[in-house]
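To start, the structure under review is shown below, and the notes come after it.
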Protein chains: 2
Amino acid sequence: MSRVTIADVASAAGVSKTAVSFAFNSPGRLGHATLERVLGVAHDLGYAPHPAARALSMRRSGTIGVLIPQRLSAVFANPFMSELIQGLGELCEEHDLTLLLVPPLDGSLESAIRHASVDGFISLGLSPDDRALEVLDGIGIPTVLIDSDESSTHPVVNVDDRGGAHAAASHLLGLGHRQLAIVVLPPARAQMSYTPTATRRLAGYNAAIEAAGMPPPRPVTAGISVAAGIRAFESLPVGKRRPTGVLVMSDMAAIGVMNAARTAGMRVPDDLSVVGFDDLPFSAWTNPPLTTVRQPIVEKGRMAARMLIDRMKGKGIDSPAPLGTTLVVRASTSESGKLGFAN
Amino acid sequence: MSRVTIADVASAAGVSKTAVSFAFNSPGRLGHATLERVLGVAHDLGYAPHPAARALSMRRSGTIGVLIPQRLSAVFANPFMSELIQGLGELCEEHDLTLLLVPPLDGSLESAIRHASVDGFISLGLSPDDRALEVLDGIGIPTVLIDSDESSTHPVVNVDDRGGAHAAASHLLGLGHRQLAIVVLPPARAQMSYTPTATRRLAGYNAAIEAAGMPPPRPVTAGISVAAGIRAFESLPVGKRRPTGVLVMSDMAAIGVMNAARTAGMRVPDDLSVVGFDDLPFSAWTNPPLTTVRQPIVEKGRMAARMLIDRMKGKGIDSPAPLGTTLVVRASTSESGKLGFAN
DNA sequence: ACGATCGGATAAACCGCTTTACTAAAGCGG
DNA sequence: CCGCTTTAGTAAAGCGGTTTATCCGATCGT
């Protein structure tokens, strides 16, 4: 009934446990005949080395963990996560690693970290001075940060959020928009300030707006979902201060904004221009197709995995330069309407 | 430098390893004073039990594996996967479990299974007689099948694929379409036949078509991506046999079909009606909004996780009834055009 | 005052595998 | 035919926890 162990194979084949282990891990150290026999017996018995035992004695589990700051159901509602995993996945498959998703356990990310049997961690959106990272360092697990701030203790993989946001705002300003709104990402965990990513994007938006001689608007916060975008639209200023253009920090929310606007009787882009951030795969297929800032998410995942794997091999901690972002102009933005509030 | 172990804590606190272990796992068995002291020392030293060691001796890892038949990058390109993980995630968080993604290792799913340290598996789209499942049973890991065929050895979670497909086809037929095309899902792994899911959906389409007194069309195969949908459109019959309606087994491919059609100068739905399958979250926001068969993917994940957790607790293997599917009519389908190719 | 009971703590076995010596036999040059 | 290196295989010591069985001294009932 119980699982077949290395000892079972050993005695069935009339050899020592060592021989069986060698048969799998260093076949060269066994005579041809014995090798065949051991392998045969092992196969017949359906033997598979116990992964935990293996991990314990080899001090490596063949798994890397993805540290997820929120609930799985929230994070995977955002296609961003899918893209990222595609990137991580490529490298994992290349190096025969599996991917463990580690959300807060029982509310605590720290405790989740402690329970995870992994060779390294990829952390998403955590500030470099987050408590969770201290725990990680305490245990001594190599870690790479994605969407964080510069750190001297961990490699960080980022994109040029600020530049992208700046381009987005400049785009709207160039189209003559003077009344802008900003929809900002919520803090990753309750009672925290903006995520590093949100902070940088906000800075980019504001820099462009101020350079155009206008006061930066007070941002509205919205989660990363269509529904959140709808709510965000509803809390936008109305009347005199109604914006003609909205800068949204995620494509998901941008779709919500577009939809809510239409429901409210506005046309996109004629009455309201919307620009998102991410360029998710389906943003090209929305109605209208979304103007947005493209960030190379898959590449971000690849890069982070590559850095982590290097780090697990003992390499240093030099962060790569931020990956480029580019504005993708589609059909959700147009010149500020002459009929708009402006006149 | 090296990780701090239970022995370190024990000697630092002047107690036995047993006491330290008890402090964490059965606090009641320790005197109040010692408990406090041990916990204090453990915290100061930054001690965390080694997960692999723990898994080995407790015979449980606190992880469930998701068996992924293809490459991660391929599977996560489909939002279906995100939805499913949301469902699985809910239950995992409820039970303090983490989720391990297990794609084929080095090309072999079997070998990936052997290396994964998990308490149970959720298998996606694998036929009940797949070799991989034999390995699983050999090792004796509880497993739940999603999108498979009825099995007497494993619980299976399915939706009413056939019914949904039937409804989709009936919808088009009811709109007067007489020239239909079918875009079918590719086999999960090379050199295999259709997945159980594809087979059932095909049966549903065909049943409706035959009931209407028409010969079932020869299906075109397309992967689950917009690009694949575009290719599928291009291999549709032209001229006299050009379809006025297309039944697509995935929303992703359906979007590709719609787009390719428009590129080819056809209007959707006026010249071509398209109905998808899945009702992914963004299918409501495409241009035009997609008519599709809704399947409760998140619920599917929840259900599967629930069954697996039950099974890990030793419960039986009764599969639940297939979850319901419903046709969601949006704007990608309309009456068969009088102006279409037909005349 | 004495055996029974009990709370508090521990020694040692065990989980299943890897790996480092170490040994016995076989091959080899001289 | 003898010492010396290979070759083939093994015993045993980890890896870092959990858990069972046991021990010891203090309290309790009578």
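Side-chain atoms are counted along with the backbone in the values below, which use heavy atoms only and exclude waters and symmetry mates. Sequence lines set the chain letters: A, B, ... in the order given, protein chains first and strands last, and positions in each chain run from 1.
Atom CG in A:Leu30 sits about 16 Å away from atom C1' in D:dT6, given to the nearest Å. Atoms NZ (B:Lys17) and P (D:dC15) sit 11 Å apart, rounded to a whole Å. Protein atom CZ of B:Arg37 is 12 Å distant from nucleotide atom C1' of C:dG8, rounded to whole Å. The interatomic distance linking B:Glu36 (CD) with C:dG8 (P) rounds to 14 Å, in whole Å. Summarising the geometry, the separation between CG on B:Asp8 and P on D:dC15 is reported as 11 Å, rounded to the nearest angstrom. Rounded to an integer number of Å, the gap from B:Arg114 CZ to C:dG16 C1' is 17 Å. When the C1' atom of D:dA11 is taken as reference, atom CD1 of A:Ile6 falls 14 Å away, rounded to whole Å. In this structure, the CZ atom of B:Arg3 is 9 Å from the C1' atom of D:dG16, given to the nearest Å.
With C:dT10, D:dC15, C:dT19 as the candidates, the nucleotide lying closest to the side chain of A:Phe22 is C:dT19. In this structure, the nucleotide among C:dC17, D:dC15, C:dC15 sitting nearest to the side chain of A:Ala53 is C:dC17. Comparing D:dA11, D:dG16, C:dC17 against the side chain of A:Ser16 picks out D:dA11 as the nearest.
Nucleic acid contact class of A:Phe24 (heavy atoms, under 4.0 Å, all strands): none. B:Leu56 comes within contact range of at least one nucleobase, with a heavy-atom separation under 4.0 Å. When heavy atoms are screened at a 4.0 angstrom cut-off, B:Ala33 is found touching no nucleic acid atom at all. Residue B:Val15 is in sugar-phosphate contact alone, with no base atom involved, counting any heavy-atom pair closer than 4.0 Å across all strands shown. Residue contacts shown for A:Ala48 are limited to sugar-phosphate atoms, with no base heavy atom under 4.0 Å away.
Using a 4.0 Å cut-off between a side-chain N of Lys or Arg and a carboxylate O of Asp or Glu, B:Asp147 and B:Lys300 qualify as a salt bridge.
The 12-atom threshold is not exceeded at CZ of A:Arg60, counting heavy atoms of other residues, nucleotides or ligands nearer than 6.0 Å.
Looking at A:Ser127 and A:Asp129, their side chains do bring a donor and an acceptor atom within 3.5 Å of each other. With no hydrogens or angles considered, no side-chain donor-acceptor pair links A:Thr197 and A:Thr195 at under 3.5 Å.
Applying the 3.5 Å distance criterion, the base of D:dG9 shares a donor-acceptor pair with the side chain of A:Arg29. Counting distance only, with no hydrogens placed and no angle test, the side-chain atoms of A:Thr18 and the base atoms of C:dT19 include a donor-acceptor pair under 3.5 Å. For B:Thr34 against C:dA9, no side-chain N or O and base N or O form a donor-acceptor pair under 3.5 Å. In the interface, the side chain of A:Ser21 is not paired with the base of C:dT19 through any donor and acceptor atom under 3.5 Å apart.
A:Arg54 has no side-chain polar atom (N or O) that falls below the 4.0 Å cut-off from OP1 or OP2 of C:dG16. Taking side-chain N and O atoms only, A:Ser57 has no distance below 4.0 Å to OP1 or OP2 of C:dT18. Between C:dG16 and A:Tyr47, no contact under 4.0 Å exists linking OP1 or OP2 to a side-chain N or O.
Along DNA chain C, the nucleotide nearest to B:Ala19 and the one nearest to B:Met58 differ in position, and the one closer to the 5' end is contacted by B:Ala19. Nearest-nucleotide positions on DNA chain C for B:Leu35 and B:Arg59 put B:Leu35 closer to the 5' end.
Summarising the base pairing, C:dG30 is matched to D:dC1 through a Watson-Crick or G-U wobble pair whose two defining distances lie under 3.5 Å. Shown here, D:dA21 forms a base pair with C:dT10; the pair counts as Watson-Crick or G-U wobble because both key distances fall under 3.5 Å.
Taking NE2 from A:His154 and CG from A:Leu145, the interatomic distance works out to 6.0 Å, rounded to the nearest 0.5 Å.
A:Phe76 and B:Ser82 make their closest contact through O-CB, 3.4 Å (heavy atoms, listed as atom of the first residue, atom of the second, distance).
The shortest distance between side-chain heavy atoms of A:Ser148 and A:Leu126 does not fall below 4.5 Å.
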